[in-house]
Engineer: 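Here's a structure for you.
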Amino acid sequence: MILERQKLVLALLAANGGTLDRVDFQKLLFLFTQQCEQKPSYEFVPFKKGCFSFTAMADKRGLVKKGLLADSEDWQLTEVGKGKADVIPKDLRWKLTLFSDRRKQLRGDSLVASVYRAYPYWATHSRIAPSVLAGDDAALVAIEKARSVRAVSVLCSIGYEGRSLEGYLNALLKAGVSVLCDVRKNAFSRKFGFSKAMLASVCPDLGVRYEHMPDLGIESGERQKLNELADYQRLFRKYERTVLPLQTNALERIAAWVRSGECVALTCFERLPEYCHRTRIARAVEKRIGKKTIDL
């Protein structure tokens, strides 16, 4: 089965001759989702070369496995992929053809520069902005203004339930988070992007240090049969009695980060803090730093 958003990938490539450079593809996909869709099919983060979708890259791997895209650095339709692109809804193909025809002269640095000028936030972590925008002081100033101000001495709380990886990372960036403290016992997730390896790989390129503190987690066996808020509250009261008292070093370490000027975000799965043990960790840290936690 081809996901609806993956059809957009195939149609975008078909509208551009079947092949796009990896940077050009990300920029054109970004522009289409921003300018031509009410609800963007893909979300992006401000990454090394500007707007970047990790989800699109994951979809690319899936389409390669299906034989629809070539296994190469560029984004390229196979012959099978070209056949699939032909059966994509006509309105989407028409939209993408019109969109692509208007931008067919924009490629490489000129395309990147045009995106940076129009959407400065998405260039805030770009390593190539100074060279691509050389001489365009106004655009470089706009990018600098779009940078999130680093929050100082703040404790935050964030769950990834219901969020895309890109949406989650943007929430961290816009809050000025400098340390992401993962308090899951086992930092593995079936949800794309939220396993330890991915977060530890991506966060440093966004100026966020990733720290995993498994001793502050709850064993998966303890999380069985949690149906109502009362069930969670019973579990967390037990957690406060039996686990947290043994983790004074870990709690003090988090408090020390905040005292030193870091903006620390405690993270686990649950979107609502009252359904997650990170709230109890936050309360314990609050007593040490004398500051309230901000929920993201």
Side-chain angles (χ1 to χ4, degrees), residues 45-46 121 124 146-185 187 189 191 194 196 199-200 202-204 206-219 222-223 226 228-296:
V45 292
Y121 167 74
T124 52
R147 289 186 201 280
S148 300
V149 176
R150 178 67 76 195
V152 178
S153 300
V154 177
L155 182 64
C156 302
S157 168
I158 184 170
Y160 63 85
E161 181 182 16
R163 303 180 194 254
S164 67
L165 174 61
E166 292 83 2
Y168 174 88
L169 293 172
N170 279 316
L172 297 179
L173 291 177
K174 290 176 180 179
V177 170
S178 57
V179 179
L180 180 62
C181 182
D182 192 337
V183 295
R184 293 174 292 175
K185 189 73 173 179
S189 177
K191 186 175 174 67
F194 292 100
K196 177 179 179 177
L199 291 174
V202 170
C203 284
L206 296 172
V208 179
R209 189 170 86 246
Y210 174 83
E211 298 277 356
H212 182 211
M213 303 188 79
D215 290 344
L216 288 174
I218 295 178
E219 295 287 354
E222 295 278 336
R223 291 182 169 275
L226 297 177
E228 300 176 358
L229 180 57
D231 300 326
Y232 285 87
Q233 290 175 334
R234 278 192 293 272
L235 172 62
F236 300 153
R237 284 195 293 268
K238 178 183 177 183
Y239 173 76
E240 284 182 308
R241 292 194 312 269
T242 62
V243 176
L244 281 186
L246 303 177
Q247 298 303 324
T248 54
N249 288 342
L251 295 171
E252 182 53 38
R253 188 179 175 199
I254 296 170
W257 291 335
V258 178
R259 291 192 203 102
S260 70
E262 303 279 13
C263 176
V264 182
L266 303 176
T267 193
C268 197
F269 169 70
E270 290 82 3
R271 180 69 174 260
L272 298 175
E274 60 266 33
Y275 284 86
C276 185
H277 74 290
R278 68 179 185 273
T279 302
R280 305 305 170 104
I281 297 171
R283 288 179 187 174
V285 176
E286 286 172 0
K287 292 176 181 178
R288 290 168 163 77
I289 62 175
K291 295 181 179 181
K292 288 292 184 181
T293 305
I294 299 172
D295 183 52
L296 304 180

Engineer: Could you walk me through whether Ile254 and Leu216 pass the side-chain contact (heavy atoms from CB on, under 4.5 Å) test, one step at a time?
Structural biologist: CA-CA 11 Å; Ile254 296 170; Leu216 288 174; 3.8 Å; yes
Engineer: Check the pair Leu172, Leu180 against side-chain contact (heavy atoms from CB on, under 4.5 Å), reporting the backbone distance first and the verdict last.
Structural biologist: CA-CA 8 Å; Leu172 297 179; Leu180 180 62; 4.1 Å; yes
Engineer: For Ser164, which residues count as a side chain to side chain contact (heavy atoms under 4.5 Å, CB included) partner, sequence neighbours excluded?
Structural biologist: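 For Ser164 the side chain to side chain contact (heavy atoms under 4.5 Å, CB included) partners, ignoring immediate neighbours, are Glu43, Glu166.
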Engineer: Decide yes or no for Val45 and Asn170: does some side-chain heavy atom of the first lie under 4.5 Å from some side-chain heavy atom of the second?
Structural biologist: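 Yes, their side chains come closer than 4.5 Å.
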Engineer: Apply side-chain hydrogen bond (donor to acceptor under 3.5 Å, both in side chains) to Asp182 and list each qualifying residue two or more places apart in sequence or on a separate chain.
Structural biologist: Arg184, Tyr210
Engineer: Would you say Tyr160 and Ser189 are linked by a side-chain donor-acceptor pair, where the criterion is simply a distance under 3.5 Å?
Structural biologist: yes
Engineer: side-chain contact (heavy atoms from CB on, under 4.5 Å) for Gln233 and Leu229? Distances and angles first, verdict last.
Structural biologist: CA-CA 6 Å; Gln233 290 175 334; Leu229 180 57; 3.8 Å; yes
Engineer: If you take the centroid of each ring, where Trp contributes its six-membered ring, are Phe269 and Phe194 closer together than 6.0 Å?
Structural biologist: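 Distance test on ring centres: not under 6.0 Å, no.
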Engineer: Dump the intermediate steps for side-chain contact (heavy atoms from CB on, under 4.5 Å) on Val179 and Val208, then the final yes or no.
Structural biologist: CA-CA 5 Å; Val179 179; Val208 179; 6.0 Å; no
Engineer: Could you state the interatomic distance from CD (Glu219) to NZ (Lys185), rounded to the nearest 0.5 Å?
Structural biologist: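 The CD atom of Glu219 sits 4.5 Å away from the NZ atom of Lys185.
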Engineer: Would you list the pairs meeting ring-ring contact (aromatic ring centres under 6.0 Å, His included) in which at least one residue belongs to residues 276-296, sequence neighbours left out?
Structural biologist: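 Of all non-adjacent pairs touching residues 276-296, those that pass ring-ring contact (aromatic ring centres under 6.0 Å, His included) are Tyr239-His277.
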Engineer: Side-chain contact test, heavy atoms from C-beta onward, threshold under 4.5 Å: evaluate it for Cys268 versus Leu266 and give yes or no.
Structural biologist: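 They are not in side-chain contact.
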Engineer: Taking side chain to side chain contact (heavy atoms under 4.5 Å, CB included) as the test, write out the residues that go with Ala284, two or more places apart.
Structural biologist: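 With neighbours one apart ignored, the set is Leu244, Leu251, Arg288.
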Engineer: Closest approach of Ala200 and Pro204, non-hydrogen atoms and distance?
Structural biologist: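 Distance-wise, the nearest heavy atoms are O-CD, 3.1 Å.
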Engineer: Any side-chain to backbone donor/acceptor pair from Ser148 onto Ala175? Under 3.5 Å, distance only.
Structural biologist: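 The answer is no, because no donor-acceptor pair under 3.5 Å joins these two groups.
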Engineer: Residues in side chain to side chain contact (heavy atoms under 4.5 Å, CB included) with Glu228, at least two apart?
Structural biologist: Asp231
Engineer: Leu173 versus Tyr168: any side-chain heavy-atom pair under 4.5 Å?
Structural biologist: no
Engineer: Ignoring hydrogens, what is the shortest heavy-atom contact between Cys263 and Gly176? Give both atom names and the distance.
Structural biologist: CB-O, 3.3 Å
Engineer: Please tell me if the side chains of Arg237 and Arg241 come closer than 4.5 Å, counting only heavy atoms from C-beta onward.
Structural biologist: yes
Engineer: How would you list all residue pairs meeting salt bridge (Lys or Arg N to Asp or Glu O under 4.0 Å) that involve residues 273-283, not counting sequence neighbours?
Structural biologist: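 Only Glu240-Arg280 qualify under salt bridge (Lys or Arg N to Asp or Glu O under 4.0 Å).
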Engineer: Under the side-chain hydrogen bond (donor to acceptor under 3.5 Å, both in side chains) rule, collect the residues that match up with Glu211, sequence neighbours excluded.
Structural biologist: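 For Glu211 the side-chain hydrogen bond (donor to acceptor under 3.5 Å, both in side chains) partners, ignoring immediate neighbours, are Arg209, Arg253.
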Engineer: If you measure from CG on Asp215 to CG on Leu246, what distance do you get to the nearest 0.5 Å?
Structural biologist: 10.0 Å
Engineer: Could you list the residues that satisfy side-chain hydrogen bond (donor to acceptor under 3.5 Å, both in side chains) with Arg147, not counting sequence neighbours?
Structural biologist: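 Per chain and number, Arg147 pairs via side-chain hydrogen bond (donor to acceptor under 3.5 Å, both in side chains) with Glu144.
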Engineer: For Arg271, what residues pass the side chain to side chain contact (heavy atoms under 4.5 Å, CB included) criterion, not counting sequence neighbours?
Structural biologist: Glu161, Arg163
Engineer: Using the side-chain hydrogen bond (donor to acceptor under 3.5 Å, both in side chains) criterion, which residues pair with Arg150? Sequence neighbours excluded.
Structural biologist: none
Engineer: So Ile218 and Leu235, do their side chains get closer than 4.5 Å, heavy atoms only?
Structural biologist: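 They are in side-chain contact.
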Engineer: Distance to the ring centre below 6.0 angstrom and angle to the axis at most 45 degrees; does that hold for Lys174 and Tyr121?
Structural biologist: yes
Engineer: If you compare all heavy atoms of Cys181 against all heavy atoms of Val264, which two are closest, and at what distance to 0.1 Å?
Structural biologist: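 Looking at all heavy atoms of both residues, the shortest contact is CB-CG1, 4.1 Å.
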Engineer: Is the backbone N or O of Ile158 less than 3.5 Å from a side-chain atom of Thr267, with the two atoms forming a donor-acceptor pair by type?
Structural biologist: yes
Engineer: Without placing hydrogens or testing angles, list every side-chain donor-acceptor pair under 3.5 Å for residues 289-296, not counting sequence neighbours.
Structural biologist:
unit_1 : atom_1 : unit_2 : atom_2 : d
Lys291 : NZ     : Ser153 : O      : 2.9
Thr293 : OG1    : Glu286 : OE2    : 2.7

